[in-house]
Amino acid sequence: MTGANNFSVSGYGPERAGWTRLFARDSIARRLDWPILLSAVALSAIGSALVYSATRNRTEINQGDPYFFLIRHLMNAGIGFALMIGTIWLGHRTLRTAVPILYGISVFMILLVLTPLGATINGQRNWLVAGGLSLQPAEFIKITIILGMAMLLATRVDAGDKTYPDHRTVVQALGLAAVPMMIVLLMPDLGTIMVAVVIVLGVLLSSGASNRWVFGLIGAGALGAVAAWRLHVLDEYQINRFAAFANPDLDPAGVGYNTNQARIAIGSGGLFGTGLGHGSQTTGQFVPEQQTDFVFTVAGEELGFVGAGLILLLLGVILWRACRIARETTELYGTIVAAGIIAWFAFQSFENVGMTLGIMPVAGLPLPFVSYGGSSMFAVWVAIGLLQSIRVQRPMSA
């Protein structure tokens with residue numbers, strides 16, 4: 001089933017319409033993975049409260065309106081939810097046939113960032129800005145890499161010609177992923193590159209490709225990191241972030257300031273937090289970018305260990321259910337897509353929370369569903385739509 005027909009469920013005639021059909025055993029509503037959906041909605045709701053608390057007093061950025069960021073965060077979540085519904089309606093199999101078009105659009109969009117149309121925000125030239133609207137095309141590269149690699153690696157296996165991808169197919173899949181990654185590296189957007197590398201490894205592991213490819217890529221990645229350091233591919237501020245991670249006492253008032261203030265904020269929250277809107281670090285604006293990359297510090301300070309733990313629990317539920325979807329689908333393509341999303345969400349969540357705790361370097365990655373930002377919100381909700389589509393379209397016996 002593809003396209004609009006994804007919502008057609010066999011066994012029902014016109015007389016079985018309305019609520020009876022909607023919640024029947026083999027209906028779309030019954031096939032959805034509700035724990036994933038409700039967890040994503042809850043995370044977006046919690047994120048709204050945290051974004052509001054972090055920005056309500058920031059008159060220099062909220063244009064004098066304490067609800068400025070809250071309204072936009074809710075709008076972004078609403079648009080993301082609509083994109084999820086559209087993704088389910090189209091179906092991951094329909095999107096499989098559209099991968100060449102989606103890939104071309106994604107590469108074209110990130111190339112535009114390198115032209116005069118690109119804009120630098122918070123030290124990173126990875127934005128397109130037009131008419132007051134901003135877009136970060138690199139966020140959608142994560143989806144494109146997952147769908148493109150899955151299409152190539154699963155084609156002959158799902159057709160029954162092979163039991164696992166051969167070396168030639170793996171090379172083609174890696175080449176497909178390398179093109180947008182090289183362009184993103186030119187920006188340079190180190191955080192997206194880190195996520196993309198983890199996605200590629202997750203996709204290969206789930207595809208049944210030889211483990212030699214995985215170990216080879218890890219080795220190549222290590223050599224590439226050393227080369228990027230030696231050849232000064234990275235900007236100075238990115239190098240300084242890694243230096244501060246290696247030595248937390250390095251320049252605490254400069255490059256190490258963000259991490260030090262983040263840990264102070266989280267540590268001051270205790271078990272139940274200071275209460276929403278009552279955090280001294282948040283109210284005093286001591287932690288930069290609290291509505292985006294460092295939103296977890298608001299949770300740690302104002303909601304405490306319990307509130308921050310709830311966020312991690314909800315993210316864990318999404319990953320757990322996604323693992324079930326990957327395991328239960330009967331097609332390799334669906335397994336690979338789900339595995340790529342799992343690798344993406346798991347690493348990005350770990351990196352975001354880890355950098356606020358000082359156990360990971362600062363890489364400018366948002367916390368899925370929670371951080372403010374339209375591009376990131378749209379991308380993660382599309383990913384939820386892909387997971388739901390894989391579950392909806394599986395055979396009932398699976």
Got a sec: does the CG of L271 have more than 12 other heavy atoms crowding it under 6.0 Å? yes
More than 12 non-hydrogen atoms from neighbouring residues, nucleotides or ligands closer than 6.0 Å to CZ on F68, yes or no? yes
Let me see the working for V380 and M84 under side chain to side chain contact (heavy atoms under 4.5 Å, CB included), right down to the final yes or no. CA-CA 9 Å; V380 294; M84 178 202 68; over 6 Å; no
Any donor-acceptor N/O pair, [X] side chain to [Y] backbone, under 3.5 Å:
| X | Y | value |
| --- | --- | --- |
| T329 | I325 | no |
| T115 | L112 | yes |
| N57 | T283 | no |
| S389 | H92 | yes |
| R31 | R391 | no |
| T87 | G385 | no |
| S376 | G373 | no |
| T94 | L90 | yes |

Without placing hydrogens or testing angles, list every side-chain donor-acceptor pair under 3.5 Å for residues 307-315, not counting sequence neighbours.
none

Do [X] and [Y] make a side-chain contact, defined as non-hydrogen atoms from C-beta onward lying under 4.5 Å apart?
| X | Y | result |
| --- | --- | --- |
| M187 | I110 | yes |
| R58 | Q290 | no |
| Q388 | D33 | yes |
| I143 | W344 | yes |
| L50 | L276 | yes |
| V197 | F347 | no |
| I145 | M181 | yes |
| L204 | L153 | yes |

Are [X] and [Y] connected in the hydrophobic side-chain network, where two residues link if heavy atoms are under 4.5 Å apart?
| X | Y | value |
| --- | --- | --- |
| I264 | F272 | no |
| L114 | L185 | yes |
| L186 | M182 | no |
| V317 | F350 | no |
| F305 | V370 | no |

Contacts satisfying side chain to side chain donor-acceptor pair (under 3.5 Å) that involve residues 299-311 (not counting sequence neighbours) are S53-E302, T282-E301
Separation between [atom1] of [X] and [atom2] of [Y], rounded to the nearest 0.5 Å:
| X | Y | atom1 | atom2 | answer |
| --- | --- | --- | --- | --- |
| F296 | L303 | CZ | CG | 9.5 Å |
| L147 | R96 | CG | CZ | 10.5 Å |
| L387 | R324 | CG | CZ | 13.5 Å |
| R93 | I390 | CZ | CD1 | 9.5 Å |
| T297 | L357 | OG1 | CG | 10.5 Å |
| M75 | I71 | CE | CD1 | 8.5 Å |

Kindly indicate, with the supporting measurements, whether the criterion salt bridge (Lys or Arg N to Asp or Glu O under 4.0 Å) is fulfilled by D166 and R156. CA-CA 9 Å; D166 55 30; R156 299 185 67 181; 3.3 Å; yes
Between N352 and S349, is any side-chain donor less than 3.5 angstrom from a side-chain acceptor? no
Looking only at heavy atoms, what is the nearest atom pair of [X] and [Y], with distance?
| X | Y | result |
| --- | --- | --- |
| A343 | I199 | CB-CA, 4.2 Å |
| L128 | P137 | CD1-CG, 3.8 Å |
| F369 | I318 | CE1-CD1, 3.9 Å |
| I342 | A326 | CD1-CB, 4.3 Å |
| H167 | W213 | ND1-NE1, 2.9 Å |
| S268 | A265 | OG-O, 2.8 Å |

Applying side chain to side chain contact (heavy atoms under 4.5 Å, CB included), run through M377 and I79 and close with a yes or a no. CA-CA 9 Å; M377 185 70 78; I79 294 172; over 6 Å; no
Full working for side chain to side chain contact (heavy atoms under 4.5 Å, CB included) between Y103 and V179: CA-CA 10 Å; Y103 183 82; V179 172; 3.3 Å; yes
I146 vs I336, test: side chain to side chain contact (heavy atoms under 4.5 Å, CB included). Steps then yes/no. CA-CA 8 Å; I146 292 172; I336 294 175; 5.8 Å; no
